[in-house]
Amino acid sequence: MAAELGIDRELKVARQMAAWQRIVAERVPAAGGSSGLLAVQPPVLVVSAPSPIVAQELRLRQADLLEAFGQAPDGERLIELRIVIRR
């Protein structure tokens, strides 16, 4: 149905954003709700963090977060996490 409407790409991005939110909430509870998916640019996953301390925590857990994202529905296996600080 989404393909017929021409919104399949937008639907996939929305699912990826939801997956990222869920993964962060489960694996880095202190950053839950404050980190958002900005872009999937293979081999890089670009996300936001509200502060340097949250960005550091995400960096420390990069391997686990990327593995979980690769296993998520509509996720992709990526090798780098790039974090943009947005207050």
Side-chain angles (χ1 to χ4, degrees):
M1 179 87 159
E4 290 176 19
L5 295 172
I7 59 168
D8 49 332
R9 176 71 185 136
E10 290 84 357
L11 184 58
K12 181 178 180 177
V13 170
R15 286 184 183 147
Q16 289 174 327
M17 293 172 120
W20 177 253
Q21 290 292 329
R22 186 178 63 256
I23 290 165
V24 171
E26 291 171 359
R27 290 171 165 71
V28 190
S34 65
S35 175
L37 178 68
L38 299 176
V40 177
Q41 301 170 338
V44 179
L45 183 66
V46 184
V47 300
S48 66
S51 68
I53 192 91
V54 172
Q56 181 64 19
E57 190 65 28
L58 294 173
R59 277 188 204 93
L60 291 171
R61 298 174 189 255
Q62 173 176 318
D64 182 41
L65 293 169
L66 289 173
E67 182 177 336
F69 188 77
Q71 295 173 357
D74 288 314
E76 295 184 36
R77 294 213 179 271
L78 304 165
I79 61 171
E80 182 184 344
L81 184 65
R82 187 169 301 149
I83 304 163
V84 177
I85 298 176
R86 290 189 170 175
R87 299 187 192 275

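Keep in mind it's a predicted model, so treat the numbers as computed, not measured.
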Under 3.5 Å, which donor-acceptor pairs link side chains of residues 75-87 to any protein atom two or more places apart or in another chain?
none

Summary of salt bridge (charged side-chain N to carboxylate O under 4.0 Å, His left out) pairs that have at least one residue in residues 32-46, sequence neighbours excluded: none
With sequence neighbours excluded, residues passing side chain to side chain contact (heavy atoms under 4.5 Å, CB included) with A72: A19, R22, I23
With R27, which residues qualify under side chain to side chain donor-acceptor pair (under 3.5 Å), at least two apart? D64
Does L60 sit in a hydrophobic cluster with other residues, and if so which ones, taking ILVMFWY side chains as linked at heavy-atom separations under 4.5 Å, directly or through other members? none
Might you point out which heavy atoms bring Q16 and V40 nearest each other, and give the distance in Å? OE1-CG2, 3.6 Å
Are V47 and L38 side-chain neighbours, meaning at least one heavy-atom pair lies under 4.5 Å? no
Taking salt bridge (charged side-chain N to carboxylate O under 4.0 Å, His left out) as the cut-off, I'd like each qualifying pair that reaches into residues 30-49, sequence neighbours left out, listed once. none
Following the transitive rule for hydrophobic clusters with a side-chain heavy-atom cut-off under 4.5 Å over Ile, Leu, Val, Met, Phe, Trp and Tyr, establish whether V46 and V54 coincide in one cluster. no
With sequence neighbours excluded, residues passing side chain to side chain contact (heavy atoms under 4.5 Å, CB included) with Q21: none
Residue pairs fulfilling side chain to side chain donor-acceptor pair (under 3.5 Å) with at least one residue in residues 32-54, sequence neighbours excluded: W20-S35
Minimal non-hydrogen separation, A49 against L58, with atom names: CB-CD1, 4.2 Å
Under the rule for side chain to side chain donor-acceptor pair (under 3.5 Å), what residues qualify as partners of R15, not counting sequence neighbours? D74
Output every pair passing salt bridge (charged side-chain N to carboxylate O under 4.0 Å, His left out) with a member in residues 29-52, not counting sequence neighbours, ordered by first then second residue. none
Of all pairs that satisfy salt bridge (charged side-chain N to carboxylate O under 4.0 Å, His left out), the ones with a partner from residues 47-60, not counting sequence neighbours: E57-R61
